Number of protein chains: 4
Amino acid sequence: MVVKQRARRDEEKQHRRRTILLAARDLLEERAFTEFTIAAVAERVGLAKGTLFLYFETKEKLYLALLEEMLQDWFTDIDLRLDKLDADIPMQSLSTTLVDSLKNRKLFLTLLSLLESVLEHNIDYETAAKFKWGLLEKVTATGKRLEQRLPSLSLGEGTRLLLHIRALITGLHQMSNTSTVVAKVLEDPAMQVFRIEFEQELEYGLKALIDGFTKKV
Amino acid sequence: MVVKQRARRDEEKQHRRRTILLAARDLLEERAFTEFTIAAVAERVGLAKGTLFLYFETKEKLYLALLEEMLQDWFTDIDLRLDKLDADIPMQSLSTTLVDSLKNRKLFLTLLSLLESVLEHNIDYETAAKFKWGLLEKVTATGKRLEQRLPSLSLGEGTRLLLHIRALITGLHQMSNTSTVVAKVLEDPAMQVFRIEFEQELEYGLKALIDGFTKKV
Amino acid sequence: MVVKQRARRDEEKQHRRRTILLAARDLLEERAFTEFTIAAVAERVGLAKGTLFLYFETKEKLYLALLEEMLQDWFTDIDLRLDKLDADIPMQSLSTTLVDSLKNRKLFLTLLSLLESVLEHNIDYETAAKFKWGLLEKVTATGKRLEQRLPSLSLGEGTRLLLHIRALITGLHQMSNTSTVVAKVLEDPAMQVFRIEFEQELEYGLKALIDGFTKKV
Amino acid sequence: MVVKQRARRDEEKQHRRRTILLAARDLLEERAFTEFTIAAVAERVGLAKGTLFLYFETKEKLYLALLEEMLQDWFTDIDLRLDKLDADIPMQSLSTTLVDSLKNRKLFLTLLSLLESVLEHNIDYETAAKFKWGLLEKVTATGKRLEQRLPSLSLGEGTRLLLHIRALITGLHQMSNTSTVVAKVLEDPAMQVFRIEFEQELEYGLKALIDGFTKKV
DNA sequence: GATGAATGAGTCTTCATTCAT
DNA sequence: AATGAATGAAGACTCATTCAT
């Protein structure tokens, strides 16, 4: 029975919440999502299983909180980069910007890929609504920024482009994360086509996608 | 205990294998993937759970075999359509062709979306290798066809385009399949951005993607 | 964290003890026994969970104290009524008296029904002894009163009658408190036999019981 | 992994079902109801936990099945005894008959005492309805028999008497089953009043109750 | 004394897989 | 080959009780 220092003040509690999220983040970075259990997270933080339920009512809420935080970070980052981006620079640099913003965000990608298929299941209306409204806000704001940077986009197309960008990100991320056995199979030189280098391939795909979105007269 | 007629000859065994796959296919079409349990498949085929393990050593092998068959079908279909496609027709019709080929292939999309994240886990090297080599062949062949149809593509870029097409398909498919609760949240008019109509959106995205791949000078 | 005024003097502590018991009483009146958790009681009193354990070492001790208080009240009430009861009035009115004394004592009945099966577990010898000795005193006194009112009873039979009265009360109370699902089942007219109206049925049963106890020559 | 002989034929399965029920019965005889968990029953039968769920879909269904069987037995027994009972013999022997029928049925009494408060919770409408209809049938039939033996009872009063008999049984049974600590407290000679000898006391109470039911002019 | 965060044993239940029949 | 009963490792979650603050 190792009693952890108690988080009494609200500040401390927020900190512990973050500690849990960080541990979850670490865990996700190392192991497959299927091994991502409450028990594993608890062990990682060095807290009892029950304690986690003091901070997150259900497993799914923990997942979602994790993604929510990462989304927040990512959108902040992306917005900053977009604001710095000169409007005259061609879209090529936009894809580079996006790819750069995703570097060191492996777990963000993992969770993002699982959003609709896993994370958004087994949650209540309240939680779902709160999450979606938050997301809507961010998506709209960033969508607007895209429209400013890419003047050929008409109203609302920024958000739409963002949606397709996400599709490409999610798709490629999944395809690039193979199981250990498959990775071994792909070592064969002939299999090169399937050895997807995520960042490089994403940049390539994004360029094409954005190109297509903007150049289409 | 109704003992099913035994499959003795190899031919019969192959036939039973197919019967299982077909039943699994039907099941997947009706129910969510989480309800896709061995027990459910067995019940659907009218065979015992244990029997399934005579034909597929693990659950994942069954999944993979299912996808393998569907991939076979889809590539055959797509190749046929590509061969019929006149080389002079602009790429716009290529996206339409692709979208058309995916109509009535809901389960194919479901499984394809789960390939790397679920299906390729818990299988042995042999199975993985066999699957990947088969896929390589198909991908290469269809990639070549794309290069023929889209002359601006250089050697090998057909396969690469195919890869990005799949990424977009997988990404959009996942995004368009929301849980019941989320669906309810999305009923709000303001949430329209998140209510993704798969086929329509895919066509839009594919056009842009292919456009970008080809027009890029 | 709102720290409640500390109870320093013994008098204050007794007062707080009572406050807790009263809150627990209220809670039990509203909710089913299964929802009667320490957390719920604490919330109701406006004290912290831990504080409750300063006044009651175990959950069961709290229960028992609660029942003890209610028993005290009830015996006081019943004794008063018995004293007012004219010795010449037939026993019929005794059952009425008893039933009347139980009106508005729902939670008393609930706890009484759980005495041996739940409340008296997980307590120490001391507590058990104290409780039982107190009860003995009350039972004996009221038993005596019964013997005075019902002259046909021989020495000690008053207590014995009391015992059987309690058995009937406990039994009927339990039988009349059905779960929601069962209540729905009992809506069927054919199920009328099982729809027990506690007070009415108790009066009926008590009459018979007391009748039998007294008229038996 | 001790694989138990498999129950293949329907007959064997019924037998295993009974084995489980018997084990549950034994367990209940030895330990308190709170310790009566699926895990404990499984260990007792020497089966895996999961196996129990093949025979009983939920914990509550197991409980109810247990009681259902015992009720069946008891009513059969009681009806037989009532049929043999000469109508001319006074009701005194009726109480004796009832008490006799309850000898060696400790666990039946335990479960019966928990029927409304525990067993009938957390079950679905179907199960509840099936149980109640079965019970209704038995209660009605036995109620009729009582009316035949006790001619002073008017139509329907047999069932009503049965109801009160059950209340007394349940009440006394609970009161007579004390926890270990309380039992120790009751060793004091002064506590004799609380040392309830179930059978003896039930006979006494039943006599009075039946007397009251019948003699009431 | 008061607090409430932390604990962790304990509960039911699911399901892929095994193996006696 | 076919069967399906048996397995048991997980898994999420609850709650009385403890104890650092």
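Scope of the values below: all heavy atoms of this structure, side chains included, with no hydrogens, waters or symmetry mates. Naming convention: chains lettered A, B, ... in sequence-line order (proteins, then strands); numbering from 1 in each chain. Everything numeric in this text was worked out from a predicted model, so none of it was measured.
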Would you mind writing out the side-chain donor-acceptor pairs for residues 35-44 of chain C within the sub-3.5 Å range, not counting sequence neighbours?
unit_1	atom_1	unit_2	atom_2	d
C:Glu35	OE1	C:Arg31	NE	3.0
C:Glu35	OE1	C:Arg31	NH2	3.0
C:Thr37	OG1	C:Ala40	N	3.2
C:Arg44	NH1	C:Glu30	OE2	3.2
C:Arg44	NH2	C:Glu30	OE1	3.0

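- Rounded to whole Å, atom P of F:dA2 lies 8 Å from atom CD1 of B:Ile20.
- Residue B:Tyr55 is in sugar-phosphate contact alone, with no base atom involved, counting any heavy-atom pair closer than 4.0 Å across all strands shown.
- Put simply, CZ on C:Phe56 is 19 Å from C1' on F:dT18, counting in whole angstrom units.
- For B:Glu69, the salt bridge (Lys or Arg N to Asp or Glu O under 4.0 Å) partners two or more places apart in sequence, or in a different chain, are B:Arg18, B:Arg25.
- Rounded to an integer number of Å, the gap from CG of A:Leu47 to P of F:dA20 is 16 Å.
- Taking atom CD1 on C:Ile123 and atom C1' on F:dT17, their separation rounds to 18 Å, with Å as the unit.
- Remark: P of E:dT3 and CG of C:Leu52 are 10 Å apart, rounded to the nearest angstrom.
- Paired runs in DNA chain E that reach 3 or more consecutive Watson-Crick or G-U pairs, where each pair keeps both distances under 3.5 Å, cover E:2-21 with F:2-21.
- Legend: ring pair (Phe, Tyr, Trp, His ring centres under 6.0 Å) pairs involving residues 5-29 of chain D, not counting sequence neighbours: none detected.
- Side-chain contact between D:Leu67 and D:Tyr63: absent, with no pair of heavy atoms (C-beta onward) separated by less than 4.5 Å.
- Residues passing the side-chain contact (heavy atoms from CB on, under 4.5 Å) test with B:Leu114 are B:Phe33, B:Thr110, B:Ser117, B:Val118, B:Leu119, sequence neighbours excluded.
- For C:Glu12, the side-chain contact (heavy atoms from CB on, under 4.5 Å) partners are C:Ala7, C:Arg8, C:Arg9, not counting sequence neighbours.
- What separates NZ of A:Lys13 from P of E:dT3 is a distance of 14 Å, to the nearest Å.
- In this structure, a donor-acceptor pair under 3.5 Å is absent between the side chains of C:Glu116 and D:Asn177.
- Looking at residues two or more places apart in sequence or on another chain, you find a salt bridge (Lys or Arg N to Asp or Glu O under 4.0 Å) between D:Lys130 and D:Glu68.
- Distance D:Glu12 CD to F:dG4 P: 14 Å, rounded to the nearest Å.
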- Item | Base-contact (B) and sugar-phosphate-only (S) positions in nucleotides 9-15 of chain E, heavy-atom cut-off under 4.0 Å, - elsewhere | -BSSBB-
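- Put simply, CD on C:Gln14 is 11 Å from P on E:dG1, counting in whole angstrom units.
- Closest to the side chain of D:Arg16, out of F:dA5, E:dA5, E:dG1, is F:dA5.
- For C:Arg6, the listed nucleotide lying nearest its side chain is E:dA2; candidates were E:dA2, E:dT21, E:dA6.
- Contacts of C:Glu126 classified as salt bridge (Lys or Arg N to Asp or Glu O under 4.0 Å), with partners at least two apart in sequence or in another chain: none.
- In the set F:dA6, F:dA1, E:dA5, the nucleotide with an atom closest to the side chain of D:Leu54 is F:dA6.
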